[in-house]
Amino acid sequence: MIRAVKGMRDILPPSSAVWNHVEETARKVFRSYNYGEIRTPIVEETVLFARGVGQDTDIVGKEMYTFEDRDGTTLTLRPEATASVIRAYLEHRMDQVPGLRKLYYMGPMFRRERPQKGRYRQFFQIGAEAVGSDSPAVDAEVIEMVIEILSRTGIAGFTLLINSVGCPVCRPQFVARLRERLKGVVNRMCADCQRRAETNPLRVLDCKVPEDQPIIDALPSILDELCEECRSHFDSVKSYLAGRSIAFEVRPRLVRGLDYYMRTTFEIVHGALGSQNSVLGGGRYDGLAEALGSKIPAPGIGFSIGEDRLVMIAEEAGADVRSGVDLFIAPLGETAFQYCALLARELRQQGAVVEVAANGKLKRSMELANKLGARFALIVGDDEMAGGRYGLKDMNSGVQEPVTREELLRRFAAHS
RNA sequence: GCGGCUUUAGCUCAGCCGGUAGAGCGCUGGAUUGUGGUUCCAGAUGUCACGGGUUCGAAUCCCGUAAGCCGCCCCA
């Protein structure tokens with residue numbers, strides 16, 4: 001048998017209803033903050049991600065689906081969306097619009113990693129970017145918005161973590177200082193840290209090995225090394241969040257993996273996720289446009305929600321999504337069947353969820369109505385056709401009463 | 001890319017030290033005429049993941065491959 005490729009999966013009912021619920025909630029929230037949807041191509045030139053995400057990241061280094069087009073161009077399935085959004089921002093000169101450009105997106109991303117819980121090779125992200133300002137007020141609004149999405153989706157128990165990773169002025173200084181301090185102690189740390197000390201010293205700060213913690217605690221913190229501008233920016237973000245009564249934890253060790261982040265970075269974690277406990281990550285990327293070779297600046301901040309993970313949490317929290325059928329119609333006889341088809345269309349136009357059984361044994365129809373979880377069943381046979389009153393049966397109570405066509409239409413009108 | 005566990009009916013799984021397969025749920029049909037949910041009866045379905053090996057004989061032991069899950073790395 002042909003199966004779905006490794007790390008990619010089918011999303012079926014009833015789970016797909018939860019996906020729809022999450023997406024609809026997000027769209028409503030985005031709309032209320034005046035964000036518009038952007039749809040970028042799933043395929044981009046490889047160089048966009050190489051420059052935008054960063055040559056040294058794992059994503060670019062070993063996780064991209066890259067192939068050569070027939071004309072020799074090297075293309076890549078997008079591993080994330082921010083680089084594409086900024087590319088589109090620059091390509092369409094969105095810096096010319098008044099105020100901020102506020103965009104949201106949702107769709108599949110591709111990363112060739114080893115699949116596990118909450119991690120797939122094709123996964124879905126819901127994200128937003130506010131481009132055109134470096135003001136900390138924008139950071140606060142963006143963070144508020146994403147929290148609004150989570151809570152309106154119906155989940156609780158998440159934690160907002162924030163940090164500042166500095167800018168091209170202060171970060172290199174900090175990294176140099178960190179390297180210096182690591183020299184003396186790294187040989188007492190875990191094997192991973194010894195490697196990270198060489199490849200990416202910032203990652204050492206993120207180590208979870210308990211034995212390493214005392215050593216890490218003694219290492220300098222990025223927050224102590226921020227330049228004046230970054231310090232004041234971060235202070236403003238924190239006070240704006242506090243002003244909005246948004247709870248957060250400052251995590252000086254929070255280092256995001258993408259090269260383009262600067263100043264504000266944030267992440268929301270949730271306990272139900274296991275090892276992949278991050279539901280969403282985001283941050284500011286004021287230098288990204290320049291990294292893409294643009295002379296037009298595009299300072300911005302954005303985030304990306306792991307939709308697969310959010311859905312997982314929502315399902316574990318028992319997200320109740322409306323499903324099932326409102327009315328199951330059981331016709332008896334060919335004439336009744338034809339009539340019922342018309343009646344069903346009318347009810348559906350009013351928004352009711354209606355099933356019409358094939359013309360057959362009533363017993364079979366009733367069994368099916370029960371299995372489908374129908375709230376009501378309608379029996380339409382010769383007697384009913386002649387009398388103008390049909391048998392409406394409440395499938396929970398078992399009570400059946402005769403109703404006219406008009407009563408029926410009125411009764412199922414509220415569903416629209 | 002590395003490690004551990006798993007892979008038997010549509011689903012969840014049992015099958016102890018090797019003798020060619022079972023349960024529950026689901027599905028199909030029935031218990032007299034146009035009424036479901038409970039009950040009763042009957043029934044169908046498996047190249048026991050794939051390939052190779054050991055053996056008189058393998059779902060059961062060994063090797064390999066693949067897939068799934070879980071962890072590491074990293075990330076959403």
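By convention in this document, chain letters (A, B, ...) are assigned in the order of the sequence lines, proteins followed by strands, and residues within each chain are numbered from 1.
The only option from A:Y89, A:F303, A:Y105 that meets the side-chain contact (heavy atoms from CB on, under 4.5 Å) definition with A:E129 turns out to be A:Y105.
Taking atom C1' in both B:rA14 and B:rU33, one finds a spacing of 45 Å when rounded to whole Å. Going from the C1' atom of B:rU12 to that of B:rG3 covers 28 Å, rounded to whole Å.
Between the CD atom of A:E307 and the C1' atom of B:rA76 there is a distance of 11 Å, given to the nearest Å. Atom pair A:Y120:OH and B:rA67:P shows a separation of 16 Å (rounding to whole Å applied). Between the P atom of B:rC74 and the CZ atom of A:R309 lies a distance of 14 Å, rounded to the nearest Å. The CG-P distance, from A:L254 to B:rC74, rounds to 14 Å in whole Å.
Nucleotide B:rU6 forms a pair with B:rA67, judged by Watson-Crick or G-U wobble geometry with both contacts under 3.5 Å. Look at B:rC48: it lacks any Watson-Crick or wobble partner with both distances under 3.5 angstrom. Across all strands shown, the partner of B:rG1 is B:rC72, judged by Watson-Crick or G-U wobble contacts whose two distances both fall under 3.5 Å.
The list of salt bridge (Lys or Arg N to Asp or Glu O under 4.0 Å) pairs with a residue in residues 14-36 of chain A, not counting sequence neighbours, reads A:R27-A:E37. Each salt bridge (Lys or Arg N to Asp or Glu O under 4.0 Å) pair with one or both residues in residues 8-19 of chain A, not counting sequence neighbours, appears once here: A:R9-A:D308.
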All N/O pairs under 3.5 Å across the protein-nucleotides 3-10 of chain B interface:
none

What nitrogen or oxygen pairs link the protein and nucleotides 42-47 of chain B at under 3.5 Å?
none

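With sequence neighbours excluded, the residues satisfying ring-ring contact (aromatic ring centres under 6.0 Å, His included) with A:F30 are A:Y104. Every residue was checked against the salt bridge (Lys or Arg N to Asp or Glu O under 4.0 Å) condition with A:R231, not counting sequence neighbours, and none meets it. For A:E346, the salt bridge (Lys or Arg N to Asp or Glu O under 4.0 Å) partners two or more places apart in sequence, or in a different chain, are A:R405. Residues forming a ring-ring contact (aromatic ring centres under 6.0 Å, His included) with A:F376 (at least two apart in sequence, or on another chain): A:F412. For A:E141, the salt bridge (Lys or Arg N to Asp or Glu O under 4.0 Å) test picks out A:K102, with sequence neighbours left out. For A:R284, the salt bridge (Lys or Arg N to Asp or Glu O under 4.0 Å) partners are A:D139, A:D286, not counting sequence neighbours. Residues satisfying the side chain to side chain contact (heavy atoms under 4.5 Å, CB included) criterion with A:R348, sequence neighbours excluded, are A:A344, A:V354, A:V356.
Closest to the side chain of A:K117, out of B:rG1, B:rC70, B:rA76, is B:rC70.
For the pair A:Q116 and B:rG71, the criterion of a side-chain N or O lying under 4.0 Å from OP1 or OP2 is met. Note on A:K62: every side-chain N or O is 4.0 Å or more away from OP1 and OP2 of B:rG1.
Residues A:G7 and A:E63 both approach RNA chain B. Their nearest nucleotides, taken by heavy-atom distance, put A:G7 toward the 5′ side.
Interface remark: the A:R3 side chain does not form any donor-acceptor pair with the B:rA67 base, using a distance-only criterion of under 3.5 Å.
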Next item on the list: List the protein contact pattern of nucleotides 25-37 of chain B with one symbol per nucleotide (5' to 3'): B for base contact, S for sugar-phosphate-only contact, - for none; contact means a heavy-atom distance under 4.0 Å.
Entry: --SSSS---BBBB
